[in-house]
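Beneath this line is the structure, given in structure tokens, with notes to follow.
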Amino acid sequence: MLIVQKFGGTSVGDLERIANVANRVSESKKAGNDVVVVVSAMSGETNKLVEYAQHFSSNPNKAEMDMLLSSGERVTASLLSIALNEMGFPTVAMTGRKAGIVTNTQHTKARIEEINPKAIVSALDDGKIIVVAGFQGVNENGDITTLGRGGSDLSAVAIAGALKADLCEIYTDVSGIYTTDPRIEPRAKKLDKISYDEMLELASLGAKVLQNRSVEMAKKLNVNLVTRTSFSNEEGTLITKEENIMEAPLVSGIALDRNQARISLMGVKDRPGIASDIFNKLAINDINIDMIIQTKAYDGSTSIDFTVPVSDIKDAKEVVDSFIKTGEIKDDSYNEEICKVSVVGVGMKSHAGVAALAFSTMADNNININMISTSEIKVSMIIDEKYAELAVRGLHGAYELDK
Ligand code: ASP
Ligand code: MG
């Protein structure tokens with residue numbers, strides 16, 4: 001098999017852990033696999049480099065930032081390569097450039113445009129283990145770029161896709177994807193398998209284990225992803241296409257997003273184009289809208305309620321104020337004390353009554369639902385934040401995820 005193994009910051013957090021990673025990589029190689037390793041910087045290193053830069057400037061040049069930040073990954077890639085060599089395994093350490101990762105020119109959050117894995121392929125042919133510095137690439141001008149924070153997951157998935165690897169293993173300090181946050185519901189169970197789409201819903205809804213962009217890329221390139229821990233031999237969770245999951249459960253997980261706020265607009269002038277005007281202006285200002293509800297009031301005006309990330313409230317208020325000034329919105333209110341709970345599962349595509357069970361679970365727990373939205377594989381509800389944990393536990397039990 002050809003395996004790409006990515007080790008995150010905590011897995012390479014000190015020299016002892018790098019030695020542990022070297023052992024693990026060597027085991028995969030000894031088992032007869034071709035192995036490409038992608039590493040993050042030692043945990044805390046990238047933040048430290050950001051702070052160093054901020055000592056001199058609150059707005060440092062982005063090209064220089066990329067040169068600076070990419071160095072953390074080079075340290076771990078070289079050290080791991082040296083360790084493996086010493087153990088008798090021929091290796092090559094590569095920067096993003098050598099690994100053929102070509103990006104656009106957007107410094108500090110560059111997008112991968114193509115991968116030319118020539119150097120990797122020929123080193124693999126020579127029987128070597130490749131150790132790639134994650135999180136970085138090179139643009140058309142030959143400048144170093146980085147892929148955005150957490151971007152070494154993306155490096156690993158992109159390389160796995162380009163090499164058509166059999167497996168891309170992402171090692172962190174968490175043992176896999178759980179049916180819900182185990183800190184809220186200790187009965188949460190680790191999932192063996194989950195589809196890309198479910199993972200995307202669970203991630204964007206707050207169950208952060210993997211960078212969302214890398215799941216999207218895995219889906220696009222058809223890369224079988226496994227998330228697992230480097231601290232034990234425990235099996236992880238496979239993230240794969242839906243067809244590979246024979247018996248999909250009705251519901252795979254319950255996600256919680258506390259980072260939502262609700263904005264209510266009252267007395268909105270009822271004319272064609274008003275929603276377009278408001279939401280276009282919000283979009284231009286980079287404000288991420290999630291749920292939207294519009295209802296008609298008795299006086300002929302309308303009410304529009306929508307949710308945004310808490311961090312976007314201030315910008316959203318400025319946009320809203322501009323419509324209040326023109327008289328097209330009469331009144332507004334903002335509520336940060338809400339959260340979104342979501343029931344996610346591909347199995348619900350072919351089953352009736354999944355949403356009804358979510359609503360009756362809220363009713364049984366005396367929790368009022370503020371807003372509802374559904375998709376083929378998800379039911380989301382906005383509720384008061386103080387009921388977040390009660391709701392998650394109630395839903396987890398109702399769909400028998402602890403069984
Ligand atoms: N070291 C980078 C970061 O901290 C990239 C990564 O860890 O994936 O964001
Ligand atoms: Mg990381």
Side-chain angles (χ1 to χ4, degrees), residues 4-15 17-18 20-21 24-25 36-54 60 62-81 93-99 101 103-104 106-112 115 130-139 143-162 168-174 177 199 203-204 207-218 221 223 225-231 236 239:
V4 174
Q5 300 185 315
K6 185 258 166 175
F7 294 90
T10 49
S11 300
V12 293
D14 58 35
L15 300 181
R17 287 184 180 169
I18 293 178
N20 170 53
V21 166
R24 195 175 271 274
V25 170
V36 177
V37 186
V38 177
V39 288
S40 288
M42 292 163 125
S43 58
E45 248 349 88
T46 311
N47 287 341
K48 199 177 83 189
L49 295 171
V50 170
E51 279 166 30
Y52 284 172
Q54 250 141 25
K62 290 199 164 124
E64 260 88 76
M65 281 310 281
D66 276 350
M67 195 150 126
L68 177 67
L69 297 191
S70 60
S71 67
E73 271 70 12
R74 293 176 183 219
V75 171
T76 41
S78 341
L79 290 175
L80 178 59
S81 187
M94 293 187 185
T95 59
R97 175 205 298 264
K98 183 80 195 257
I101 300 176
T103 72
N104 67 7
Q106 204 182 353
H107 283 293
T108 74
K109 41 183 173 202
R111 298 215 149 239
I112 297 178
I115 310 254
I130 326 294
V131 187
V132 180
F135 175 55
Q136 57 189 277
V138 63
N139 68 21
D143 302 321
I144 297 173
T145 52
T146 62
L147 308 176
R149 297 303 304 268
S152 47
D153 285 355
L154 200 62
S155 311
V157 172
I159 290 171
C168 179
E169 296 180 321
I170 308 278
Y171 286 89
T172 67
D173 51 358
V174 204
I177 312 294
M199 186 66 231
S204 66
K208 287 234 162 66
V209 185
L210 264 172
Q211 196 208 32
N212 235 20
R213 264 170 80 197
S214 42
V215 180
E216 279 165 14
M217 181 169 295
L221 302 178
V223 172
L225 267 182
V226 169
T227 67
R228 56 187 301 182
T229 173
S230 63
F231 297 98
I239 303 157

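Numbers for residues simply follow the sequence, beginning at 1. For clarity, every value in this text was computed on a predicted model and none was experimentally measured. For ligands, and for the atoms within them, numbers begin at 1 and follow the listed sequence.
More than 12 heavy-atom neighbours from other residues, nucleotides or ligands sit within 6.0 angstrom of CE on Met65. Under a cut-off of 6.0 angstrom, the local environment of CZ in Arg97 is sparse, with at most 12 non-hydrogen atoms contributed by other residues, nucleotides or ligands.
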query: Passes side chain to side chain donor-acceptor pair (under 3.5 Å), Tyr171 versus Glu169? Steps please.
result: CA-CA 6 Å; Tyr171 286 89; Glu169 296 180 321; 2.8 Å; yes
message: Let's go through Arg149 and Asn47 carefully: what are the C-alpha distance in whole Å and the side-chain angles of both, what is the deciding distance for side chain to side chain donor-acceptor pair (under 3.5 Å) to 0.1 Å, and is it a yes or a no?
response: CA-CA 10 Å; Arg149 297 303 304 268; Asn47 287 341; 3.0 Å; yes
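Here Glu45 has no heavy atoms under 4.0 Å from ligand 1, in either its backbone or its side chain.
Of the options Gln211, Glu73, Met42, the smallest heavy-atom separation from atom 5 (C) of ligand 1 is shown by Glu73.
Between Lys6 and ligand 1, a contact under 3.5 Å exists for no N or O pair. Taking any N or O of Asp153, backbone or side chain, none lies under 3.5 Å from an N or O belonging to ligand 1.
The salt bridge (Lys or Arg N to Asp or Glu O under 4.0 Å) check on Lys48 picks up Glu45, with sequence neighbours excluded.
For Gly150, the closest heavy-atom approach to ligand 1 falls below 4.0 Å. Ligand 1 does not have Gly72 within reach: every non-hydrogen atom of the residue lies 4.0 Å or more from it.
Thr145 and Asp66 form no side-chain donor-acceptor contact under 3.5 Å, judged by distance and modelled atom types alone.
Counting atoms of ligand 1 from 1 in the listed order, those under 4.0 Å from a heavy atom of Ser40 are 6 (C), 7 (O), 8 (O). Atoms of ligand 1 found under 4.0 Å from any heavy atom of Arg149 (numbered from 1 in listed order, with element): 3 (C), 4 (O), 9 (O).
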